[in-house]
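Letters A, B, ... mirror the listed sequences (proteins, then strands); counts begin at 1. Reckoned from all heavy atoms, side chains included, excluding hydrogens, waters and symmetry mates.
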Protein chains: 2
Amino acid sequence: MVKITDVARHAGVSPSTVSYVLSGKRSISAETVRRVRASIRELGYRPHAGARALASSRSNVLALVIPLRTGIHVPVIMQFAVSVVTTARRHDHDVLLLTQEEGEEGVRRVADSALVDAVIVMDVQLHDERLPMLRSLDRPSVLIGFPAETEDLTCIDLDFRAAGEACLEHLAGLGHRAVGLIGSPPEVYERGTGYAQRTSEGFLAAAERHGVAGTVHPCEATVEAARALVDRLLAEQPELTAVVIHNESVLAPLVKAFQDAGRRVPEDLSVVAICPDDLAEHAELPLSSVAIPAEEVGRRSVELLMAKLDGEEVPPATLLPPRLTARASTARVGTAHAGTADTARADTARAGTAGTARAGTAPAN
Amino acid sequence: MVKITDVARHAGVSPSTVSYVLSGKRSISAETVRRVRASIRELGYRPHAGARALASSRSNVLALVIPLRTGIHVPVIMQFAVSVVTTARRHDHDVLLLTQEEGEEGVRRVADSALVDAVIVMDVQLHDERLPMLRSLDRPSVLIGFPAETEDLTCIDLDFRAAGEACLEHLAGLGHRAVGLIGSPPEVYERGTGYAQRTSEGFLAAAERHGVAGTVHPCEATVEAARALVDRLLAEQPELTAVVIHNESVLAPLVKAFQDAGRRVPEDLSVVAICPDDLAEHAELPLSSVAIPAEEVGRRSVELLMAKLDGEEVPPATLLPPRLTARASTARVGTAHAGTADTARADTARAGTAGTARAGTAPAN
DNA sequence: GACATTAATCGAAGCGCTTCGATTTAGTGC
DNA sequence: GCACTAAATCGAAGCGCTTCGATTAATGTC
């Protein structure tokens, strides 16, 4: 193994000079830099990561904790992880992969043993058990998702409340007066996942503001559940002219179920999804959607961490504004129908609105 | 930060004794072990990972290189990665996540800097550019997938050739005489991905042995491509009574396209998939399938690596035998039809067989 | 031209751990 | 009871790097 003393000897300088060439922490003459760089290349020198970590108390490694739970769309996690790795590399860091399996012990272990300099935690719950541990860590962390209490933490996520609002407002703008939100599986709400609750809060609040009848419906991530829910919706709420779908796993089955039931999209039913853009774009029928910016969240969480490692102050909360792209699945109410039916529908909707929207701000739990 | 000298002082022993208690590399009296363990717990001591790596030349970290290419089913990668992390933890190791983006430089970097002790590489191509680098590494590695030349390497994967055979034999056993294999997107074959080629080789070889007309059809991972392919197949090969699908992304669309075209599954068309078990099980129509054992491949690749790190000899090639589970998508030919049509079909098939199977062992490239 | 600055480099200490003799004590065989 | 082995523990060296004064040389200042 080539070590720093070998490089130093080869370049005719002291080891500390080599170190300073590498770190740039002291000024070194251009000529010396050139010679040292040449020696490094010629000898194929790579600083020993452990030695470096020991001497500098920086490992240049970040921990990424990924979720293993049900009801989470795997490709999004993957996109996110890839973005974290890519960005970390740009900042000369590597990424250690942890699963939730070990619980908080895993994070504590890699942090306390100085294996990692900082931690990114995904899938944060409203009342996440890991928060006390994260607060007590002597290393910075960034949370993807917002817990109920964010004090002393750095959090980032899509602004799901605004996303819920944006979906509803897009539909309200098209004249829809009765809109359903089809969300995550019940367990996601039950365990208190912030994004699910916030989306529905935003959706319902906007519904109330716009005088639209808004209702929220959790949905299991199976084809059968999707079909059953559609049957129920069509039976119980025939006045619905639009739905917002916030559940990647059953996006296609839901749309198909509506179509199979004779609802043409968008003529009879408008659909807005909250999902990764590529999913919406490449669906059979391109769907109007609010993008889940996995790449951006990943990138920015690393950038936040880097800033914290540099001792900079960072905003405690970063809410990325939703971006809604209108595609082929949404249309103005009544586009393909006679006026009377529409009016009737809108009336029914308006009557129902107040009750529904006021009744609760989140789905039953 | 608590260090080993603190623990030693607290327990009234020397630092080396604490180290030996932790590593078990020398015998320590039960009483001393007890005292040291108690001190460790009481002080919350965690050995410094960098110091340990420096002194022992073992980082207890494995590198996992995941693919970013198109045409690969993301959930399978994830399953695999989770299994690697879980197994690594059982062996007291952590996992560093690398993407293919950095190319071989990334692997070389983490290996040469002693950041990791060993490397797992996924998605190996037949003529993978990374092979020379892996061979020249002074650290063990395990490849998921088989390159053309496996000398000096350790490889593991599902035995895709046997999987292709198993699918065909299952169908041949049910009396099918004309079977199509719908495979990965063309680019996967073109870049020389072993598993795609091997599956079709096994499939075609078994077809020839059993006197079945076997044909192979790459398929892009889009719903439109799936539908187009089905249209083409139905037009050009009306004699087909069964298909093997080895392409997770379009599994459901393909089945649906066949059904939409009036082919009942399994009465008119038997379908066997090569895909993760949960996908086959939870499809709308549970599909007969050969499982892709992501969990097992991940686990065993780590175990192979651990053995190599312990200086043990390991088998250079591990081919996991395919496991075919018959579900609702396959049936005996002619189950729901009159005999004549079936006979005619079988005749056509037999005539075509020799030509097709002999023509080529792999799809055009 | 003596003195203070700045730039460039060196030497040595030390990061926290493992490991290799060396040492001590306790057993074992005859 | 003497030599010998085994068990338990210690002390010190050293893993490869960074970093902090210290040193030297070059530059400016009045």
Side-chain angles (χ1 to χ4, degrees), chain A residues 1-37 39-40 43-61 92 109-117 138 309, chain B residues 1-37 39-40 43-61 92 109-117 138 309:
Chain A
M1 184 197 192
V2 182
K3 35 194 173 181
I4 202 170
T5 50
D6 300 328
V7 175
R9 195 174 324 113
H10 188 270
V13 296
S14 76
S16 53
T17 301
V18 176
S19 177
Y20 286 125
V21 167
L22 251 24
S23 70
K25 290 188 179 170
R26 281 197 184 175
S27 59
I28 300 288
S29 71
E31 164 58 13
T32 303
V33 168
R34 199 195 52 66
R35 275 210 330 280
V36 169
R37 291 246 166 83
S39 299
I40 288 176
L43 302 180
Y45 168 67
R46 305 268 189 185
H48 187 288
R52 184 172 260 201
L54 178 57
S56 67
S57 33
R58 275 296 186 86
S59 68
N60 277 36
V61 175
D92 198 31
R109 181 174 53 78
V110 297
D112 286 357
S113 68
L115 217 193
V116 305
D117 295 334
D138 57 346
L309 284 170
Chain B
M1 185 200 191
V2 183
K3 37 194 172 182
I4 202 169
T5 50
D6 300 327
V7 175
R9 196 176 321 111
H10 189 270
V13 297
S14 77
S16 54
T17 300
V18 175
S19 177
Y20 286 124
V21 166
L22 251 23
S23 70
K25 290 189 179 171
R26 281 196 184 176
S27 58
I28 301 287
S29 70
E31 164 57 16
T32 303
V33 168
R34 200 194 50 67
R35 277 212 326 282
V36 170
R37 290 246 167 84
S39 299
I40 288 175
L43 301 180
Y45 168 67
R46 304 268 191 185
H48 187 288
R52 186 174 258 205
L54 178 56
S56 68
S57 33
R58 274 297 185 85
S59 66
N60 278 34
V61 175
D92 197 31
R109 181 175 52 79
V110 298
D112 286 357
S113 68
L115 217 193
V116 305
D117 295 333
D138 58 345
L309 285 171

* NA contact type, A:S29, heavy-atom cut-off 4.0 Å: base, sugar-phosphate, or nothing? -> sugar-phosphate

* Asked: Can you find an N or O donor on one side and an acceptor on the other, under 3.5 Å apart, linking the side chain of B:R52 with the base of C:dT18?
  -> no

* Asked: Any side-chain heavy-atom pair from A:I28 and A:V36 closer than 4.5 angstrom?
  -> no

* Structure fact -> Residue pair B:S23/B:L54 against DNA chain C: nearer the 5' end by closest nucleotide is B:L54

* **Distance (rounded to the nearest 0.5 Å) between A:N60 CG and A:D92 CG** => 5.5 Å

* OP1 or OP2 of D:dT18 sitting under 4.0 Å from any side-chain N/O of A:S56? -> no

* Would you say C:dT19 has OP1 or OP2 under 4.0 Å from some side-chain N or O of B:K25? -> yes

* B:E31 and B:R34, any side-chain heavy atoms less than 4.5 Å apart -> yes

* To do: Return the 5'-most residue of the pair B:Y45, A:V13 with respect to DNA chain C, ranking by each residue's nearest nucleotide.
  => A:V13

* To do: Name the residue closer to the 5' end of DNA chain D, choosing between B:A55 and A:T17 according to the nucleotide with the nearest heavy atom.
  => B:A55

* Name the nucleic acid region contacted by B:S16, choosing base, sugar-phosphate or nothing; use a 4.0 angstrom heavy-atom cut-off, strictly under. => base

* To do: Rounded off to whole Å, could you give me the CZ-to-P distance for the B:R26 and C:dT25 pair?
  => 18 Å

* **Distance test, side-chain N/O of A:S27 to OP1/OP2 of C:dA7, below 4.0 Å** => no

* To do: Output yes when a side-chain donor or acceptor of B:S59 lies under 3.5 Å from a complementary backbone atom of B:A53, and no otherwise.
  => no

* Within the structure shown, what part of the strands sits under 4.0 Å from A:T32 by heavy-atom distance: base, sugar-phosphate, or nothing? -> sugar-phosphate

* Asked: Heavy atoms under 4.0 Å, any strand shown: does A:S19 hit a base, just sugar-phosphate, or nothing?
  -> base

* Asked: So how far off straight is the helix from C:dG1-D:dC30 to C:dC30-D:dG1, going by the axes through five pairs at either end, to 10°?
  -> 30°

* Donor-acceptor pair present, B:Y20 side chain and C:dC17 base, under 3.5 Å -> no

* Is a side-chain donor or acceptor of B:S39 paired with a backbone partner of B:R35 at a separation under 3.5 angstrom? -> yes

